[in-house]
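Have a look at the structure below before the remarks.
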Amino acid sequence: MDHTSIPKSTRHGHTYWVIPDGYIPPDSSGSLESHESICVLNTGSEDATLDITIYFEDRDPLEHIQAEVPAKRTKHIRTASLRAGEESIPSGVPYAITVSSNVPVIIQYSRLDTTQPELALMSVMAYPLA
């Protein structure tokens with residue numbers, strides 16, 4: 001299929017994404033660290049400004065976390081590095097994420113769990129809403 005036949009919004013992604021299953025494994029074994037990443041692809045010609053919100057089961061959300069993804073680039077954002085003021089996502093606590101972008105982007109979510117010697121890698125597409 002010729003990419004010019006694909007609608008522009010499809011080629012470039014969406015502006016609002018939801019990731020309902022987040023969990024930073026609290027332990028690691030071996031040489032690899034357990035972690036999660038928001039993987040962002042910006043295929044457009046304009047830089048993307050992301051506004052990230054982290055939701056929890058039993059506490060207020062972490063809101064207005066900013067990240068930048070330059071035009072025609074990819075960025076892997078480790079969720080353990082996200083900060084809202086002095087607050088961050090604690091390991092071992094379930095959470096969910098919403099990502100708003102000023103331009104359409106594509107988002108994939110990945111988890112590397114090395115809590116046991118047989119490590120596991122999970123990667124899924126986030127759910128686009130707009």
Side-chain angles (χ1 to χ4, degrees):
M1 177 188 297
D2 182 336
H3 81 278
T4 58
S5 64
I6 300 171
K8 187 175 181 180
S9 63
T10 303
R11 277 187 286 160
H12 294 277
H14 297 275
T15 57
Y16 188 75
W17 295 82
V18 176
I19 303 164
D21 177 30
Y23 181 82
I24 301 171
D27 299 311
S28 298
S29 64
S31 61
L32 297 175
E33 180 183 4
S34 293
H35 68 272
E36 296 197 334
S37 294
I38 303 168
C39 310
V40 185
L41 173 60
N42 180 1
T43 63
S45 58
E46 184 180 342
D47 292 352
T49 300
L50 307 180
D51 184 51
I52 301 167
T53 301
I54 309 297
Y55 295 90
F56 300 99
E57 294 177 348
D58 60 353
R59 63 187 84 186
D60 290 336
L62 303 179
E63 298 180 281
H64 306 298
I65 301 167
Q66 300 291 304
E68 301 289 326
V69 183
K72 299 185 179 184
R73 297 288 187 268
T74 186
K75 186 169 191 173
H76 290 67
I77 304 165
R78 284 204 181 184
T79 57
S81 72
L82 297 175
R83 302 274 182 276
E86 296 296 317
E87 295 185 79
S88 62
I89 303 169
S91 62
V93 173
Y95 63 93
I97 303 170
T98 59
V99 179
S100 297
S101 178
N102 64 320
V103 298
V105 295
I106 298 162
I107 294 185
Q108 182 177 346
Y109 195 64
S110 296
R111 176 183 298 149
L112 177 62
D113 184 344
T114 65
T115 55
Q116 51 190 330
E118 298 79 23
L119 63 88
L121 177 65
M122 174 204 69
S123 191
V124 297
M125 293 302 296
Y127 187 78
L129 292 177

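These figures come from a predicted structure and were not determined experimentally.
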Self-check item: Of all pairs that satisfy side chain to side chain donor-acceptor pair (under 3.5 Å), the ones with a partner from residues 89-99, not counting sequence neighbours
Solution: Glu36-Tyr95, Thr79-Tyr95, Tyr95-Tyr109
Quiz item: Under a 4.5 Å cut-off applied to non-hydrogen side-chain atoms, are Leu41 and Gln108 in contact?
Solution: no
Quiz item: Considering only heavy atoms from C-beta outward, does the side chain of Ile107 approach that of Ile19 to under 4.5 Å?
Solution: yes
Exercise. Determine whether Arg78 and Ser37 make a side-chain contact, defined as any pair of heavy atoms from C-beta on separated by less than 4.5 Å.
Key: yes
May I have the list of side-chain donor-acceptor pairs in residues 54-68 shorter than 3.5 Å, sequence neighbours left out?
{"unit_1": "Gln66", "atom_1": "NE2", "unit_2": "Asp51", "atom_2": "OD1", "d": "2.8"}
{"unit_1": "Glu68", "atom_1": "OE1", "unit_2": "Thr49", "atom_2": "OG1", "d": "3.1"}
{"unit_1": "Glu68", "atom_1": "OE2", "unit_2": "Thr49", "atom_2": "OG1", "d": "3.3"}

Exercise. For residues Ala96 and Pro20, report the shortest heavy-atom separation together with the two atoms involved.
Key: CB-O, 3.6 Å
Quiz item: When you look at CZ of Arg73, are more than 12 heavy atoms from neighbouring residues, nucleotides or ligands closer to it than 6.0 Å?
Solution: no
Quiz item: Any donor-acceptor pair under 3.5 Å linking the side chain of Trp17 with the backbone of Ser101?
Solution: no
Quiz item: Nearest 0.5 Å, what's the CG-NZ distance between Asp47 and Lys72?
Solution: 11.5 Å
Practice problem: Would you name the heavy atoms of Pro94 and Gly92 that are closest together and state the gap between them? | Solution: CD-O, 4.1 Å
Quiz item: Are Val99 and Val40 close enough that some pair of their side-chain heavy atoms sits under 4.5 Å apart?
Solution: no
Quiz item: Roughly how far apart are Ile52 CD1 and Ile77 CD1, rounded to 0.5 Å?
Solution: 4.5 Å
Practice problem: Please round to the nearest 0.5 Å and tell me the distance separating atom NZ of Lys75 and atom CG of Asn42. | Solution: 11.5 Å
Self-check item: Taking every non-hydrogen atom, the tightest pair across Gly44 and Ala71
Solution: O-CB, 3.3 Å
Self-check item: Leu50 CG to Thr15 OG1 distance, which is reported to the nearest 0.5 Å
Solution: 11.0 Å
